[in-house]
Amino acid sequence: MLGAWTRRLPLLSLVLVLVLVVVLVLDPTSGASTLGLTVAVVPLDSDGGQTVRAHFTSISAGSCPSLSGLCPEGDDCLLHRTSVPFTGTRPGSGWCVRQWQRTVSSRYSANVSLGSDTEFYVSLNATPKVRANSGRLNQPVFVALPPPLRARVNCPHHFHLSVKDPDGDKVQCRFARPERGECLSCERRPFIELQEEKCILFFTGKAAAGQYFIHLMVEDLIPVPKISHVTNNSPLSSVPLHLSLTVEESSTSCTDEPLASSETPAEDSVMFVLPYEQIKFNIHYISEAESVSEVAVVGPPELYRTDLTSVGPLAALTVSWTRSENQLARLLPICFVANTNSLQSEPRCVWLYQREMKVLPSGTELKCGKSEMTLVLPVTSLSNINLAELQLNSPTCPVSYNSTHLTASISLSGCGTKTVVTSLFLEL
Ligand SMILES: *[C@@H]1O[C@H](CO)[C@@H](O)[C@H](O)[C@H]1NC(C)=O
Ligand SMILES: *[C@@H]1O[C@H](CO)[C@@H](O)[C@H](O)[C@H]1NC(C)=O
């Protein structure tokens with residue numbers, strides 16, 4: 001018996017080595033690839049959508065890579081050199097988020113190098129389509145990028161992917177296809193399934209411990225009623241979503257994961273943000289089995305996060321974001337997960353929506369004094385409004401008017417005036 005075992009063992013390790021070599025050969029991206037990537041694509045009206053502004057968010061394994069080389073000389077390109085990048089310690093040796101934006105062709109594919117050892121291939125298709133219902137350019141889907149996903153051997157798990165289509169189109173997620181030039185090394189795994197219509201990833205649990213990469217395309221389609229026999233409802237656009245799933249060995253039960261408490265904003269919820277408004281919310285987790293070691297967040301540049309406070313099974317973090325003048329996309333996802341030593345909560349994503357503002361009527365003037373601001377509006381811009389009943393949010397702020405102009409005096413220390421410090425000034 002013993003002899004049989006000793007003979008079998010070297011064979012077993014040889015098989016293991018072979019498997020490892022095969023994995024490394026098949027997946028040249030492992031070790032130095034992105035642990036996640038998405039691109040928010042905004043068609044530019046100025047050239048009829050022939051070019052788009054592509055907002056990249058990428059998660060690199062290890063320490064934060066340099067941003068150099070991402071913006072070719074003379075390109076319309078912006079690097080988000082954020083003061084406190086989004087980072088995490090799990091899985092493996094940690095990760096770091098990098099964000100930048102670039103004007104590229106509406107049909108774009110490229111090999112992108114990030115720092116010295118991250119390289120990835122990205123492909124998107126947003127060739128311009130004018131919508132029959134609005135006469136405006138179609139907007140591709142916005143896709144939220146969660147922090148790197150973790151799961152456990154033999155623990156089946158669903159991952160809901162958060163997507164928003166600005167035009168209200170039907171959205172579907174599908175695996176990227178190498179024959180269409182959507183990915184280079186994108187091996188399909190039998191233990192990763194996808195509900196295309198609902199954008200839900202399903203991990204069956206039947207996988208060896210290891211790191212797996214998932215390349216998806218997210219598409220928008222004009223919704224058609226089921227009864228109409230439209231067979232060729234082709235997608236309007238396709239944007240990439242790359243994810244990583246790290247499968248770990250674990251002895252804890254499959255149901256012990258940290259849970260978000262009811263104070264945490266609901267999955268997929270949208271918060272509307274006015275110019276210079278500050279949005280603030282709390283993220284709370286309850287974890288009975290193991291204490292939460294980090295709440296990992298991926299969100300827009302300059303999203304402020306407090307340190308994690310952890311008391312017994314409770315862990316909490318506050319995040320806030322102030323809208324200053326920016327060139328970011330209109331819809332901004334914020335995704336978070338709680339990590340413990342061997343467990344991870346469901347990823348959850350919420351959205352910030354930067355409200356579009358009406359252009360101020362010509363003749364509007366805002367003067368800043370030492371202790372107050374004076375706003376002067378031409379009365380012609382205020383049709384159907386009874387000027388005598390008009391007041392600011394606080395009735396203590398005086399509003400006066402004559403035949404041509406309305407004048408509001410706004411105290412800097414009253415009237416509900418809030419002081420907002422934006423990083424714009426620090427960068428200048
Ligand atoms: C990216 O790299 C791959 C292989 O290294 C190559 O086949 C492909 O043509 C490149 N694609 C682009 C768009 O540069
Ligand atoms: C009305 O008020 C504005 C702002 O104070 C002033 O500039 C303007 O001359 C006034 N118009 C008349 C007709 O008094």
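Start at 1 and go down the list; that is how both ligands and their atoms are numbered. We use all heavy atoms of the structure for the numbers below, so side chains are in, but hydrogens, waters and symmetry mates are not.
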Are Glu249 and Arg152 within salt-bridge range, i.e. N to O under 4.0 Å?
no
Are the aromatic ring centres of Phe203 and His157 under 6.0 angstrom apart?
no
Neighbour count above 12 (heavy atom, 6.0 Å) for Glu197 CD
no
Do the side chains of Arg131 and Asp167 get close enough for a salt bridge, i.e. N-O under 4.0 angstrom?
yes
A student checking ligand 2 against Ser403 at a 4.0 Å heavy-atom cut-off should list atoms 13 (C)
Within-cut-off N or O pair, His405 and ligand 2, under 3.5 Å:
no
Taking the basic N atoms (NZ, or NE/NH1/NH2) and the acidic carboxylate oxygens, is any pair closer than 4.0 Å for Arg102 and Asp76?
no
Which residues pass the side-chain contact (heavy atoms from CB on, under 4.5 Å) test with Leu78, not counting sequence neighbours?
His80, Gln101, Gln327
Using the side-chain hydrogen bond (donor to acceptor under 3.5 Å, both in side chains) rule, pick out the option among Asn339, Thr87, Thr340 that qualifies with Glu294.
Asn339
Polar pairs, ligand 1 vs protein, N/O only, below 3.5 Å.
| from | atom 1 | to | atom 2 | distance (Å) |
| --- | --- | --- | --- | --- |
| ligand 1 | 2 (O) | Asn111 | OD1 | 3.2 |
| ligand 1 | 2 (O) | Asn111 | ND2 | 2.5 |
| ligand 1 | 11 (N) | Asn111 | ND2 | 3.0 |
| ligand 1 | 14 (O) | Asn111 | ND2 | 3.1 |

Arg189 to Tyr212 six-membered ring, cation-pi geometry met (6.0 Å, 45°)
no
Atoms of ligand 2, numbered as shown, that sit under 4.0 Å from any heavy atom of Asn402
1 (C), 2 (O), 3 (C), 8 (C), 10 (C), 11 (N), 12 (C), 14 (O)
If the cut-off is 4.0 Å to any non-hydrogen atom of Thr407, which atoms of ligand 2 fall inside it?
4 (C), 5 (O)
Thr404 versus ligand 2: do any nitrogen or oxygen atoms come within less than 3.5 Å of each other?
yes
